[in-house]
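Taking it in order: structure first as structure tokens, then the write-up.
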Amino acid sequence: MSRIFALIPAAGMGKRMGAGSNKQYLLLDGMPILARTVSVFEAAPFIDGIYLVSPEQEIPFCHSEVVDRYGFSKVRSIVPGGAERQHSVCNGLDAMAGAAADDDLVLIHDGVRPFVSQQVLKTAADAAMQYGAAVVAVPVKDTVKVVRGGVIAETPPREELWLAQTPQAFRYGLIRDAHARAKGEGFLGTDDASLIEHQGGEVRIVTGDYRNIKITTPEDLVLAEAFLKGKG
Ligand SMILES: Nc1ccn([C@@H]2O[C@H](COP(=O)(O)OP(=O)(O)OP(=O)(O)O)[C@@H](O)[C@H]2O)c(=O)n1
Ligand SMILES: C[C@](O)(CO)[C@H](O)COP(=O)(O)O
């Protein structure tokens, strides 16, 4: 029976939130965003272990103010991050090598997506168990334009467009090899699925939740507070 691990990258600098924001530790109703995110995985009975990725200098803070303070017993390790999200994820996958088998599953989930549900986690895990790779996504609501040089170059058919979220769920061996290959080629993607796509692999989409927002800019904090108050 494959085990299911969570790998939660939380080693970004939060530049779009504002210089020095350390957004993963911003409080939402008194609880750090990262702690809210981890709590969903800690509570999920089908999650066997959690790996966090943090800026190296913040690892002691993450241990004390998130893992110890909230009693997250499933957290196996806090791993130093890298310059880009992809590097942080790669460091986390490498740290899992002694614990995860190739056929185990890893759910890679942004530390700043605190509104993910256990149902979405389970849906992603089930799809990865069946297909090897699956991404949580939601259909776009607006019309999307491809723009080059300030001019609209293309309007892709909306029915084909989805907004990728996380978790992005994979068989551990598959995604670890994809990251190693991308590193060797110098390929950099903004999500983990794009590495497999770039290498010709197939990634399934599973329907996520519009509430599963990534807290990126100040407006997202307003939305997050509204979600906590049960509005939306
Ligand atoms: N080098 C990085 C960059 C990002 N992340 C993590 O990846 C998730 C999604 O990244 P994003 O929302 O872009 O966070 P930041 O990179 O911090 O934001 P910005 O781009 O505004 O600096 C976040 O949980 C972030 O902490 C990471 O672990 N390591
Ligand atoms: C992985 C991701 O959340 C999928 O939408 C997104 O690509 C992360 O991008 P970021 O710039 O690292 O926030």
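Just so it is clear, the model here is predicted, and its values are computed rather than measured. Residue numbers run from 1 in the order of the sequence given. Just so you know, ligand 1 is whichever comes first in the structure, and atom 1 is the first atom listed for that ligand.
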- Task: Could you say whether the N/O atoms of Ile215 and ligand 1 ever approach to under 3.5 Å?
- Result: no

- Message: Tell me whether ligand 2 is touched by His109 - counting only heavy atoms on the residue side and a distance under 4.0 Å.
- Response: no

- Message: Below 4.0 Å from ligand 2: does a non-hydrogen atom of Glu84 turn up there or not?
- Response: no

- Query: Is it true that Asp102 and Arg176 have a side-chain N and a carboxylate O under 4.0 angstrom from each other?
  - Reply: no

- Just distances here: any N/O of Arg113 and N/O of ligand 2 closer than 3.5 Å? yes

- Does ligand 1 have any atom sitting under 4.0 Å from a heavy atom of Gly81? no

- Numbering the atoms of ligand 1 from 1, which are under 4.0 Å from a heavy atom of Val112? 12 (O), 23 (C), 24 (O)

- Query: Given Arg85, Lys23, Gln86, which has its nearest heavy atom closest to atom 12 (O) of ligand 1?
  - Reply: Lys23

- Message: Taking 4.0 Å as the limit for heavy-atom contacts, which would you say applies to Thr166 with ligand 2: side chain only, backbone only, both, or neither?
- Response: side chain

- Message: Would Gly14 count as being in polar contact with ligand 1, using the rule that some N or O on each side must be under 3.5 angstrom apart?
- Response: yes

- Message: Return the closest protein heavy atom for atom 8 (C) of ligand 2 as residue, atom name and distance.
- Response: Thr190 O, 3.7 Å

- Query: Is the His198 ring parallel, tilted or perpendicular to the Phe187 ring (thresholds 30°, 60°)?
  - Reply: parallel

- Full working for side chain to side chain donor-acceptor pair (under 3.5 Å) between Gln119 and Asp209: CA-CA 10 Å; Gln119 179 53 52; Asp209 182 339; over 6 Å; no

- Query: Are any of the side-chain nitrogens in Asp142 or Arg158 under 4.0 Å away from the carboxylate oxygens of its partner?
  - Reply: no

